[in-house]
Amino acid sequence: MGFFDLNIPYTDSTPLSKANSTVAKSTRIKIVIKAMELGYTGIAYNRTIRGVMSDRDRCSIPLLGLSSLLDVAPFLSSSVNFHRDLLGVPRSSPFRQYTRLTVCIDTASQSQALNSGNPILKTYDIVAVRPLNQNAFDHACEKAEVDIISIDFSDKLPFRLKLPMVKAAIKRGIYFEITYSDLIVDVHQRRQIISNAKLLLDWTQGKNVILSSAAPSVCEVRGPNDVANLASLLGLSMERAKAAISKNCRSLLTNALRRKHFFKEVIRVEAVSSSRQSDSEIPLYADWLKWDPISSGEGDLLLDDMAKSFSASTNASKTVKAIDFDSIIDKMPSHGFQIKDLISGSEASFQPQTEVKSFLSTPQPIELSVRTNQASENSIRHDLFPETDDATLDNTCSEPLTSAFGDPQKLYLASYATKTSTGSEEVVTDTVMTEIESETCNASVAASGSVEAENQGLQSKKCYEQNFVLLNENVNDGLNAVMLNEEVISHQTSAMDIELEAAALEISPPSESSVETIKVDDIAVDMDKERQETTASSLNNMSSLENISERMSLRTSEDDAVIVDQISRQQSDDEMRVKDDSLVPNHENQVLLMEEPKLAEADSSMNDLGSVRSNEPCMKLSSRKNQPQY
Amino acid sequence: MVGFKNRYMVMEVLLDPNKEISGDDPIVVTQFNISKAIKDSILVNFGECGLASSLGCFQVKYVNPITKLCVIRVSRDEYQKIWTSISMVRRIGNCPVLFNLLDLSGNIKACKTAALKCDELKFEQNKLIVGARLLADVTQHMQNCLEKIRILEH
């Protein structure tokens, strides 16, 4: 288990004079070397800002490379190995560097900035908040999206710690930080720190507490065992104190990095270098098996080669670098795609999600999501959507990706299905229910309810997919786009996908009669099946997706039935059945009512429905003719 | 059965961490130096009574000036406080120092083996740093120190 020191102060490089900056840099290097020698396996450079964040505050902390450290201390490796052996840390574990931001908060408006949508916060690995008054502390404990609450104990506290607040923060997974360097530096501060921090430690019993140094210079850093012992002054047992400097830090880092790299805790965007194209033997997903949950990317220093050559470089990290796609999104134009509208009519209003605020102005939802879903079939995309930048889509990786995604898909699908996003959860279940309930001729009430929810959900989905579509245009290493789209398709679990799979299920044996069987795993299985038939059924996919789009459109206006017909004629019989089935629950107008009697004639069981469905193509055309009668 | 319950700490003293690695020591660590610094620290942090209660079993048993290794004996009841005070020692004389615990054990035998191992390893590192300037008497001195460890008693 490694030891971490997550607070090494970093001062900005806009100092008064050049001399200051070199001094600061050399201090930083010395502290890092000392930390490495003492046996720490990870550190975080902490930058403190106060007040309102501006764009200047983006992370610009340079991570130190092994060569610069070896310049100062050429015999680092023997010392590091010696101490690591004594501490029981494996010699080969990499030394990690993270970046951290501490925001000092006193007003409510500053607290509002600490949400998960703030792009500046996303450039740092760890985000900490330092509340300066009671309101700020309460807000930090209950609502702020941060990793650490760092309280300056060395002076009289400007606010009171309250047990319910502390408990609320622990429940949310926020860690409290206690810095020990003030204990060492100053006698008077020692008194304050011990009396203030003792209360916190009594309440938390060391749970969700981390110890870190905040060392102003190298003389204030202490080894991990010594730090754990200092915590015993504050009332912690040795075991808890050791956990506070190792286990708690590690879980904090896991959470923080997951929050940073994963969108909605599900999707990780990675840039795959185009040189991998030639290595076709190595499956693309082999790297994912070596995924390191607390890797700091370029900050990892592998110490294996240090002993052999003193000029070891740092880029031995084999993990692909995750790109922060939110920053990329921010660079994109804020208007959505202008696509020729196949849909006329307005959608329902919906609540914008915080992360995608800039894209919510123009409601052109469903067409975009359809296009995004089709992105994996780039050839089709070529034909249908000439506006997109096709060069970015190489479909070569889709095959291995599909099989690799099998299990993660299910996992993410399941996890996403249980996420508590605003409307989409209900949408998901509603649409699934809707597909099935149609056969029981309950469709009208449920359909109307779910349709509106669907609209909302789809619109919110649209935002994400819109982002990803736009991303495709602007990100030039093309495989990124493929992975992105695959992940959009697989993990986004939009209503589209659920419907697609529910529809696909109806192609597959219709004997699964219970609603409950149309569950996430079935959907995932069918998603796999869907994926694996990329070449053969790409057309089918496309058309089924077009179905869905048409379903949406039909929901809102009848004029599009023409288009529906045109496309319907291109399909195979299977697709016809899918389309018609899926058309069933989504009509609020006469088509639904008209088909209901037909369904009512048949039995409500799915088997009969299958036979009914096969007749439906004919009925569909005839129903159109019958429409004006109603 | 055993009258005195003790803890033996093997610590290394890191002199002047701010300085570049040059090979010259600003001060020579001796038993007296270290003992005085630690007692001052206990006095500041734990007061007269703290100092008095820990003074009974407190002794710096062994110091190696070449590798900066020291072995300190403390009573079992007070060892955490004394260890804390040692961590808070900021300077010996004029030189900023840093204490780092390497090993903690309950009897002299385990302490001796740990101290021997650490001393030898640290001497190897020292040889690397010093390089060609290694003198024969330093090696001899080192051997004497190792012998001293072997004859340590409670």
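Proteins come first, then strands; the chains are lettered A, B, ... in the order of their sequence lines, and each starts at number 1.
Salt-bridge check for A:Lys242 with A:Glu239: failed, with every basic side-chain N at 4.0 Å or more from each acidic carboxylate O.
Aromatic ring orientation, A:Tyr40 versus A:Phe3: perpendicular (interplanar angle above 60°, classes split at 30° and 60°).
With a threshold of 4.5 angstrom between heavy atoms, B:Leu14 approaches chain A through side-chain atoms but not through N, CA, C or O. Using a 4.5 Å cut-off between heavy atoms, A:Ser232 touches chain B through its side chain atoms alone. Contacts of B:Tyr79 with chain A are absent, with no heavy-atom separation under 4.5 Å from either backbone or side chain. Neither the backbone nor the side chain of A:Val227 has a heavy atom closer than 4.5 Å to any heavy atom of chain B. For A:Ile184, the parts lying under 4.5 angstrom from a heavy atom of chain B are both the backbone and the side chain. Of the atoms belonging to B:Glu12, it is side-chain heavy atoms, and not backbone ones, that fall under 4.5 Å from chain A. Residue B:Met11 touches chain A through its side chain alone, counting heavy-atom pairs closer than 4.5 Å.
Around atom NZ of B:Lys81, no more than 12 heavy atoms belonging to other residues, nucleotides or ligands sit under 6.0 Å away. B:Asp137 CG: more than 12 foreign heavy atoms inside a 6.0 Å radius.
Formation of a donor-acceptor pair under 3.5 Å by the B:Asn45 side chain with backbone atoms of B:Ser85 is not found in this model. Under the 3.5 Å distance criterion, the side-chain polar atoms of A:Glu220 are left unmatched by any main-chain donor or acceptor of A:Asp182. Of the possible donor and acceptor atoms, one in the side chain of A:Arg84 sits under 3.5 Å from a partner among the backbone N and O of A:Ser93. Checking side-chain atoms of B:Thr67 against main-chain N and O of B:Phe123 turns up no donor-acceptor pair under 3.5 Å.
Contacts between residues 187-198 of chain A and chain B, counted as heavy-atom pairs separated by less than 4.5 Å, involve A:Val187, A:Arg190.
In this structure, A:Arg222 is not positioned above the aromatic face of A:Tyr180 in the sense of NZ or CZ being under 6.0 Å from the six-membered ring centre and within 45° of the axis.
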